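Numbers restart at 1 for each chain; the letters A, B, ... are given by sequence-line order, proteins then strands. Being a predicted model, the structure only gives us computed values, none of them experimental.
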Number of protein chains: 2
Amino acid sequence: MAAPATAPLTRDRIVSAALSLTKAAGEPPSMRTLAGELSVTPGALYRHVAGQADLVALMIDEVMEHVEMPDEATEPDPWRRIRAHVHSLTKTLDAYPGLDRLIAHHGDSSNAARVRQQWTMDQLRTAGLNRRDAGRAYGALDIYWLGSRQRTQRSVATFLFGLDRLLEGLRAHSRNSSATSG
Amino acid sequence: MAAPATAPLTRDRIVSAALSLTKAAGEPPSMRTLAGELSVTPGALYRHVAGQADLVALMIDEVMEHVEMPDEATEPDPWRRIRAHVHSLTKTLDAYPGLDRLIAHHGDSSNAARVRQQWTMDQLRTAGLNRRDAGRAYGALDIYWLGSRQRTQRSVATFLFGLDRLLEGLRAHSRNSSATSG
DNA sequence: ACCTGAACACCGTTCAAGT
DNA sequence: ACCTGAACACCGTTCAAGT
């Protein structure tokens with residue numbers, strides 16, 4: 001599988017190499033290290049990628065595209081769909097240590113991120129939350145999974161315990177507000 | 001208030017200047033910038049501080065010492081004490097933009113952090129959680145406030161909404177487990 | 001069109017040498 | 001004892017010059 005002579009430098013090869021190095025080192029490579037891995041000069045990267053920030057965004061896109069969003073057939077309860085989705089986020093990021101910190105720094109304004117947000121808010125509305133509460137609930141869940149990736153990693157048990165408490169609180173809130181208007 | 005001639009370089013002056021620059025710039029200064037602000041050469045800093053990581057730890061210590069931990073006289077309900085404490089964390093960090101990210105990266109293994117952890121777990125146990133659940137609940141709260149500081153800042157309303165849902169879920173959990181053993 | 005080589009303006013850290 | 005000056009080994013990014 002050795003590349004014959006010199007494979008053409010493309011955006012995909014750059015992103016792929018960056019992710020591979022991240023996986024191996026536990027943190028994203030510098031532009032210079034990345035260039036070296038691709039047997040190229042640092043300046044060459046800038047013909048295919050606008051800069052480090054752009055590259056980071058592409059890496060995040062690539063990884064986050066594989067997060068699960070179960071449908072009603074697979075999982076009839078919307079709360080369990082949300083739980084599976086958030087759990088999937090952490091499992092996905094476990095494969096690329098250091099990428100979670102990049103997401104925290106850089107944010108994620110990709111299309112995929114907007115799709116995930118819309119999907120989550122749809123589930124929350126299906127579960128009975130009004131539009132304002134669904135927006136806030138999405139924010140709270142986003143805060144929670146992101147926080148779980150920072151600092152010294154917490155145990156999975158702690159993460160799931162808190163996630164279940166948060167979902168339970170949201171469900172109770174949804175019951176109360178629908179009771180008020182019923 | 002101009003310093004006469006040359007004030008002696010001390011650890012306190014270094015930490016104080018670093019925090020002041022962080023407040024002004026929205027992000028922590030480099031060692032070189034910090035040295036320049038103190039009218040000194042970068043190497044001089046290393047006589048008083050082990051390095052950048054050490055300095056960051058000292059900055060975190062200094063700031064986090066002012067987080068509120070209300071007592072029973074001020075606030076009789078343990079859940080409200082916890083809520084006030086977590087809210088105080090965010091208010092404290094609002095004064096030093098950029099420091100929250102440092103905490104996420106660096107962690108906080110100071111004595112003050114251990115005191116806060118112990119205090120929070122005491123409140124949770126008072127509120128009825130057993131030791132294991134109190135540990136996990138502390139972890140979940142830690143995840144939540146830390147996550148709220150990352151990326152583009154969420155609104156206060158979203159933060160408080162999620163915090164209240166999480167606390168509600170924890171309270172419900174404590175009621176269920178005490179009912180089981182009662 | 002694409003890449004190299006070299007430069008610019010930065011980093012954190014160390015340490016002989018000065019005072 | 002404390003600080004300076006200079007160096008070492010890095011960064012991200014730009015851009016004339018080569019092919």
- Query: Where the side chain of B/Arg114 meets the backbone of B/Ser109, is there a donor-acceptor pair that is under 3.5 Å apart?
  - Reply: yes

- Query: Taking atom C1' in both D/dA9 and C/dC10, what distance in whole Å separates the two?
  - Reply: 14 Å

- Task: Establish whether A/Ile82 and A/Met69 are linked, either directly or via other cluster members, by ILVMFWY side-chain heavy-atom contacts under 4.5 Å.
- Result: no

- Message: Strictly distance-based, threshold 3.5 Å: is any side-chain N or O of A/Thr41 a donor or acceptor partner for the main-chain N or O of A/Ala44?
- Response: no

- Message: Could you tell me if the side chain of A/Leu99 sits less than 4.5 Å from the side chain of A/Glu27, heavy atoms only?
- Response: no

- Item | Donor + acceptor pair across side chains of B/Thr10, B/Asp12 (<3.5 Å) | no

- Task: Tell me, with the steps shown, if A/Leu55 and A/Met31 meet side chain to side chain contact (heavy atoms under 4.5 Å, CB included).
- Result: CA-CA 10 Å; A/Leu55 174 59; A/Met31 297 300 275; 4.1 Å; yes

- Given the C1' atoms of D/dA16 and C/dC2, what is the spacing between them in whole Å? 14 Å

- Item | Selection: residues 43-52 of chain B, any non-hydrogen atom under 4.0 Å of DNA chain D | B/Gly43, B/Ala44, B/Arg47, B/His48

- Does a side-chain N-to-carboxylate-O contact under 4.0 Å join A/Arg81 and A/Asp71? no

- Task: Go through the structure and list residues passing ring-ring contact (aromatic ring centres under 6.0 Å, His included) with A/His173, not counting sequence neighbours.
- Result: B/Phe161

- Item | Distance-minimising heavy-atom pair for A/His106 and A/Ala57 | NE2-CB, 3.6 Å

- Message: Reading DNA chain D in the 5' to 3' direction, which nucleotide is the first one with an atom under 4.0 Å from a heavy atom of chain B, and which is the last?
- Response: D/dC3 to D/dA7

- Please lay out, stage by stage, how A/Asp133 and A/Leu124 fare under the test side chain to side chain contact (heavy atoms under 4.5 Å, CB included). CA-CA 9 Å; A/Asp133 285 350; A/Leu124 289 165; over 6 Å; no

- When we call it a touch if two heavy atoms are under 4.0 Å apart, what does A/Thr41 touch: a base, just sugar-phosphate, or nothing? base

- Would B/Asp77 and B/Arg83 pass as an ion pair if we require N to O under 4.0 Å? no

- Task: Hey, can you tell me if A/Phe159 and A/Tyr144 have their rings parallel, tilted or perpendicular (30° and 60° cut-offs)?
- Result: parallel

- Item | Pair pattern of DNA chain D in dot-bracket, where unpaired bases get dots and | marks partners in another strand, Watson-Crick or G-U under 3.5 angstrom | ||.|||||...|||||.||

- Query: Which residue, B/Trp119, B/Trp145, B/Trp79, forms the ring-ring contact (aromatic ring centres under 6.0 Å, His included) with B/His85?
  - Reply: B/Trp119

- Query: Would you call A/Glu168 and A/Arg171 a salt bridge, using N to O less than 4.0 angstrom?
  - Reply: no

- Close residues, residues 31-38 of chain A, relative to DNA chain D [heavy-atom separation under 4.0 Å]: A/Met31, A/Arg32, A/Thr33

- Item | Contacting residues from residues 97-108 of chain A, given that a heavy atom lies under 4.0 angstrom of DNA chain D | none

- Note on the structure: The side-chain contact (heavy atoms from CB on, under 4.5 Å) partner of A/Ile103 among A/Ile60, A/Val56, A/Val63 is A/Ile60

